[in-house]
Each structure stands twice: as structure tokens, then as C-alpha cells.
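Single-structure report; data block below.
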Amino acid sequence: MAPSFDNETSLFNFVVRDGNGVKGIVDSGISKVPRAYIQPPAEQINKNNATKCEIPPIDLSKLDGPEHERVVNQIVRAAETLGFFQVVNHGVPIELLESLKLTAHNFFGLPSERKAVYRKEVSPSPLVKYGTSFVPEKERALEWKDYISMAYTNDDEALQQWPVECRDDALQYLKTSHQMVTKLLEALMGNLGVELDDSKIDAFIGKKMVNMNFYPTCPNPELTVGVGRHSDMGTLTILLQDGIGGLYVKVPEDADMENKGEWVEIPPIPGALVINVGDMLQVWSNGRYKSAEHRVRTTSTKSRVSIPIFVSPQATQRIAPFPQVVEKDGVARYKEFVFSDYMNSFFGNAHDGKKSLEFAKAN
């Protein structure tokens with residue numbers, strides 16, 4: 001018989017403190033979602049109401065040919081409207097992407113005690129953190145997700161400290177995507193009149209992290225969310241999603257496109273990677289580029305994995321809108337701040353749409 005998880009304290013201890021995660025609840029044989037995971041009605045995702053985002057993926061191989069300008073314009077247009085787009089021919093081997101999905105399933109399939117050694121409180125390395133939900137201590141309703149997070153400093157440390165079960169694929173993914181990230185940034189920064197040279201690039205993407213997210217099957221997916229509404233705090237996010245789907249993006253009210261204010265689903269495209277604009281790009285561009293508000297639905301049919309790479313400035317980097325953009329706009333919409341202060345604010349609160357950006361607003 002499945003244990004009862006209606007006692008919030010025992011549930012919290014089992015899932016968070018003991019490192020069993022959501023997968024542990026599912027493996028215990030539950031037939032309904034525990035109360036702590038039931039989202040308020042306004043946060044629940046109605047799968048039947050969502051429109052699919054039919055924007056075709058951008059072919060990045062054409063950046064190196066006669067269609068360079070057209071592709072740059074596609075990238076810029078996506079960043080200015082939805083803040084989300086998909087790319088193909090991106091230079092990351094398709095076999096690696098397939099291997100990453102298997103590796104993620106294998107890692108989360110390990111016994112809970114093998115994963116729990118990486119919990120934040122006990123992890124042998126500050127680079128690696130295994131956890132569940134987002135900020136469980138602060139959330140009114142928990143998110144139906146487990147994850148492993150691997151921060152990158154250098155290859156040697158990654159090989160020594162990242163979990164042996166997933167380090168090789170994760171490191172390969174990080175390294176083979178670097179050129180694509182650089183090209184995307186060159187296009188986006190160039191459009192703002194900012195030249196990206198080697199000495200500056202660290203200021204934008206000096207901090208890198210690979211996560212593996214696991215969304216176990218859920219008996220009542222309509223009551224829960226895999227990830228609540230939020231935008232990412234960094235520069236860009238590169239995301240590999242599997243074929244199951246469940247990623248939703250909110251079309252900004254002021255976007256020059258259809259479905260304003262609605263949630264649209266980003267359907268999985270075989271071999272594609274999803275790119276989304278982070279909060280720092282919105283700040284640097286003085287609001288021209290939109291960090292994408294997004295969320296994830298759960299499913300009852302099959303466990304889902306997604307594997308994001310988060311690229312951000314270094315923690316000590318000072319952030320402010322680019323002067324040349326402010327000059328054109330006539331006003332700075334964001335103040336200057338240190339990125340570590342933004343991070344502390346971001347991780348100190350539960351997900352709540354794009355509220356995290358209020359920290360950066362000019363007074």
C-alpha cells in the first residue's frame with residue numbers, strides 16, 4: 001500500500017530532506033497528487049486551451065553564407081517578440097542529443113541514496129546540486145520536478161566533481177554548444193551596436209551551468225505544474241527537450257504577433273534546440289529583447305526529461321543597459337547592479353512570472 005503523503009511535514013522530509021524527490025513519491029505507488037503539489041486554479045495548465053507555436057525553426061548553418069543577414073533578422077525578431085525560438089543545424093551532434101536524454105533517464109533511475117549524496121546540504125562539491133521543485137521552502141505549491149545541476153568552472157573540475165553517470169555527455173553538450181551561443185550573441189549584440197570580441201565575451205557568458213530536469217509521470221497532471229511561471233535570470237538558455245512536449249511560453253502583451261497575452265506550446269522538433277532570452281539580455285537591451293516567461297506541464301503517460309544549459313555573466317559582473325541603446329531610447333529602463341545581487345534575489349523567491357525583473361527596474 002502507498003504511504004499517505006497528506007502530512008505536509010512528512011512529505012517535505014521524504015521528498016526534500018531525504019532526497020527521494022518526486023520520483024520517490026511516484027515509485028511509492030500513489031494514485032493521486034499529494035495536496036502540497038496542487039496548484040491554485042490560476043496556475044493550472046489547461047492542455048486543451050493552448051495554441052501550438054507554429055514558428056519554423058531557424059537554420060543556423062545559413063549564418064555562414066549569403067543568407068547571413070536574413071538569419072540574423074530572424075534571430076533578432078524572435079528575441080524582440082516572443083523571446084523564444086528553435087534552431088536546427090546548430091553544430092551540436094544529434095547522436096549526443098539522443099545520448100543526453102538516455103543519460104538523464106538513467107541518472108534519475110538510480111536508487112535515491114545515490115542521488116541524495118548531491119543534495120545542497122551534503123554535496124561533496126559546490127558545483128553539483130541535486131534537488132526538487134525550485135525553492136521548496138518558499139513555495140505555496142511544490143513543482144513536480146527533480147533535477148541535477150552542474151556548474152562549470154573548467155574541464156578538470158567537471159570531470160572530477162560532476163556525477164560520473166552524466167558528466168561526459170553533459171560536458172560534451174556544454175562544449176559543442178559554445179560556438180552556437182557565441183554566434184547567437186554576436187547577432188543579438190551586433191543589432192544593438194555592441195561588438196563582441198574575445199575579451200568581452202566572458203562578461204556575457206562567463207558563468208555556465210548544465211541541468212538535467214526530470215518530470216515523473218503524474219496521476220493528475222491538470223492539477224500540478226512541472227515548473228511554474230518564470231523567466232530565466234541569465235543571458236541565454238539552450239534547452240534540449242524530448243519528444244513528449246509540455247513547454248509553454250507566454251506571448252507578451254506588447255508583442256507584434258498573434259495570441260498576445262496567451263500561453264503557446266513550444267512543440268518538440270526532432271534534432272532542434274530551444275533558445276530563450278534571459279533577464280540579463282532584456283536589461284542590456286534596455287527592454288528591446290524580451291526574456292521569455294515560460295512554464296512546464298506534467299504528463300500522466302510518460303516521464304519527461306529536459307536538459308538546459310544556462311549561460312550567464314560572472315557573479316561579480318556589473319550589469320546595466322548599454323549606453324548606445326539608452327542614448328537612442330532617451331531613457332534607461334533599468335538601474336546598474338551586480339549580477340550576484342540579482343541571483344540572490346532570484347533564488348530567494350518562489351517562481352512568480354517576470355517579477356524577478358522588478359529588482360532591476362530603474363527607480
Kindly check if the number of other-residue, nucleotide or ligand heavy atoms within 6.0 Å of NZ (Lys208) is above 12? yes
With no hydrogens and no angle check, is any side-chain donor or acceptor of Tyr173 less than 3.5 Å from a backbone partner on Val210? no
Between Asp168 and Thr103, is there a side-chain heavy-atom distance shorter than 4.5 Å? no
From Glu265 CD over to Glu54 CD, what is the distance, rounded to the nearest 0.5 angstrom? 10.0 Å
Would a 4.5 Å heavy-atom cut-off, applied to side chains only, mark Glu293 and Trp263 as touching? yes
Specify the closest pair of heavy atoms between Lys32 and Asn220, including all atoms of both residues, with the distance to one decimal. CA-OD1, 3.4 Å
Quick one: closest heavy-atom pair of Leu82 and Lys250, and the distance? CD1-O, 4.0 Å
Might you work through the side-chain contact (heavy atoms from CB on, under 4.5 Å) test for Val117 and Val122, ending with a clear yes or no? CA-CA 6 Å; Val117 297; Val122 296; 5.5 Å; no
Do Val71 and Ile238 sit in one hydrophobic cluster, given that two such residues count as connected whenever their side-chain heavy atoms are within less than 4.5 Å of each other, even indirectly? yes
Treating Ser123 as the side-chain partner and Val128 as the backbone partner, does any N or O pair qualify as donor plus acceptor under 3.5 Å? yes
Heavy atoms of other groups near Glu195 CD, more than 12 under 6.0 Å: no
Taking every non-hydrogen atom, the tightest pair across Gly287 and Tyr334: N-CE1, 3.7 Å
Going through the distances and angles, do Glu222 and Gln44 end up as a side-chain contact (heavy atoms from CB on, under 4.5 Å)? CA-CA 6 Å; Glu222 68 288 351; Gln44 294 170 9; 5.7 Å; no
Minimum heavy-atom separation for Thr298 and Gly226, please, with both atom names. CG2-N, 3.5 Å
Among residues at least two apart in sequence or on other chains, which ones pass side-chain hydrogen bond (donor to acceptor under 3.5 Å, both in side chains) with Asp155? Tyr152, Lys175
Without hydrogens or angle criteria, can the side chains of Gln241 and Arg304 be said to hold a donor-acceptor pair below 3.5 Å? yes
Go through it in stages, so that I can follow the logic: the residues are Phe204 and Val181, the test is side-chain contact (heavy atoms from CB on, under 4.5 Å), and I'd like the CA-CA distance, side-chain angles, deciding distance and then a yes or no. CA-CA 11 Å; Phe204 303 117; Val181 170; over 6 Å; no
Do the side chain of Glu336 and the main chain of Ala320 share a donor and acceptor less than 3.5 angstrom apart? no
Quick one: pull up CD in Glu98 and CG in Asp169 and give me the separation to the nearest 0.5 Å. 11.5 Å
Min side-chain heavy-atom separation Leu281-Met189 under 4.5 Å: yes
Would a distance-only check, ignoring hydrogens and angles, find a side-chain to backbone donor-acceptor pair under 3.5 Å from Asn20 to Phe14? yes
Between His294 (side chain only) and Asp232 (backbone N and O only), is there a donor and an acceptor less than 3.5 Å apart? no
In this structure, are over 12 heavy atoms from other groups packed under 6.0 Å from Glu262 atom CD? yes
So OG1 of Thr176 and NE2 of His178: to nearest 0.5 Å the spacing works out to 11.5 Å
Counting distance only, does the side-chain N/O of Asp242 pair as donor-acceptor with the main-chain N or O of Ile244 below 3.5 Å? yes
Just do the salt bridge (charged side-chain N to carboxylate O under 4.0 Å, His left out) check on Arg114 and Glu165 with the steps written out, would you? CA-CA 10 Å; Arg114 291 273 295 282; Glu165 295 85 0; 2.7 Å; yes
Tell me whether the guanidinium CZ or amine NZ of Lys335 lies under 6.0 angstrom from the six-membered ring centre of Phe359 and within 45° of its axis. yes
Check whether any side-chain heavy atom of Lys207 sits under 4.5 Å from a side-chain heavy atom of Met343, and report yes or no. yes
Would a single hydrophobic cluster contain both Val87 and Ile269, if residues Ile, Leu, Val, Met, Phe, Trp and Tyr are joined by side-chain heavy-atom contacts under 4.5 Å? no
Contact check, side chains of Gln172 and Leu100, non-hydrogen atoms, under 4.5 Å: no
For the NZ atom on Lys260, are there more than 12 heavy atoms of other groups (residues, nucleotides or ligands in this structure) within a distance under 6.0 Å? yes
Could you state whether Ile94 and Val88 fall into the same hydrophobic cluster, counting links through intermediate Ile, Leu, Val, Met, Phe, Trp or Tyr residues with side-chain heavy atoms under 4.5 angstrom apart? no
Calculate, to the nearest 0.5 Å, the distance between atoms CG and CD belonging to Leu239 and Gln86 respectively. 9.0 Å
Measure from the side-chain N and O atoms of Tyr342 to the backbone N and O of Ser356, and report whether any donor-acceptor pair falls under 3.5 Å. yes
Would you indicate whether the side-chain heavy atoms of Lys290 and Asp254 approach each other to under 4.5 Å? yes
Met280 and its side chain to side chain contact (heavy atoms under 4.5 Å, CB included) partner, picked from Ser285, Pro313, Ser291: Pro313
With no hydrogens and no angle check, is any side-chain donor or acceptor of Ser99 less than 3.5 Å from a backbone partner on Leu96? no
Assess the residue pair Tyr147 and Lys129 against the criterion (side-chain contact (heavy atoms from CB on, under 4.5 Å)); give the C-alpha distance rounded to whole Å, side-chain angles, the decisive distance to 0.1 Å, and a yes or no. CA-CA 8 Å; Tyr147 68 89; Lys129 180 184 158 194; 3.0 Å; yes
Check for a donor-acceptor pair, side chain of Arg295 on one end and backbone N or O of Tyr248 on the other, with a separation under 3.5 Å. no
Which residue, Phe108, Tyr130, Phe107, forms the ring pair (Phe, Tyr, Trp, His ring centres under 6.0 Å) with Phe214? Phe108
Taking Gly228's backbone N and O only, do any of them form a donor-acceptor pair with Glu143's side chain (distance below 3.5 Å, no angle check)? yes
Check whether Leu142 and Val225 end up in the same hydrophobic cluster, where Ile, Leu, Val, Met, Phe, Trp and Tyr are linked by side-chain heavy atoms less than 4.5 Å apart. no
Would you say the side chain of Tyr37 lies within less than 4.5 Å of the side chain of Val22, judging by non-hydrogen atoms? yes
Between Met150 and Ala170 the two heavy atoms that sit nearest each other are CE-CB, 4.0 Å
Heavy-atom closest pair (Thr217 atom, Trp144 atom, distance to 0.1 Å) is O-NE1, 3.4 Å
What's the separation between atom OG1 in Thr237 and atom CD1 in Ile275, rounded to the nearest 0.5 Å? 9.0 Å
Measure the spacing between CD of Gln39 and CG of Leu223 and express it to the nearest 0.5 Å. 9.5 Å
Going through the distances and angles, do Arg70 and Glu67 end up as a salt bridge (charged side-chain N to carboxylate O under 4.0 Å, His left out)? CA-CA 5 Å; Arg70 187 176 70 82; Glu67 294 186 63; 2.4 Å; yes
With no hydrogens and no angle check, do the side chains of Lys354 and Gln282 hold a donor and an acceptor under 3.5 Å apart? yes
Test of understanding: clusters of I, L, V, M, F, W, Y form through side-chain heavy atoms closer than 4.5 Å, transitively. Do Val283 and Leu196 belong to the same one? yes
Do the non-hydrogen side-chain atoms of Pro221 and Arg297 ever get within less than 4.5 Å of each other? yes
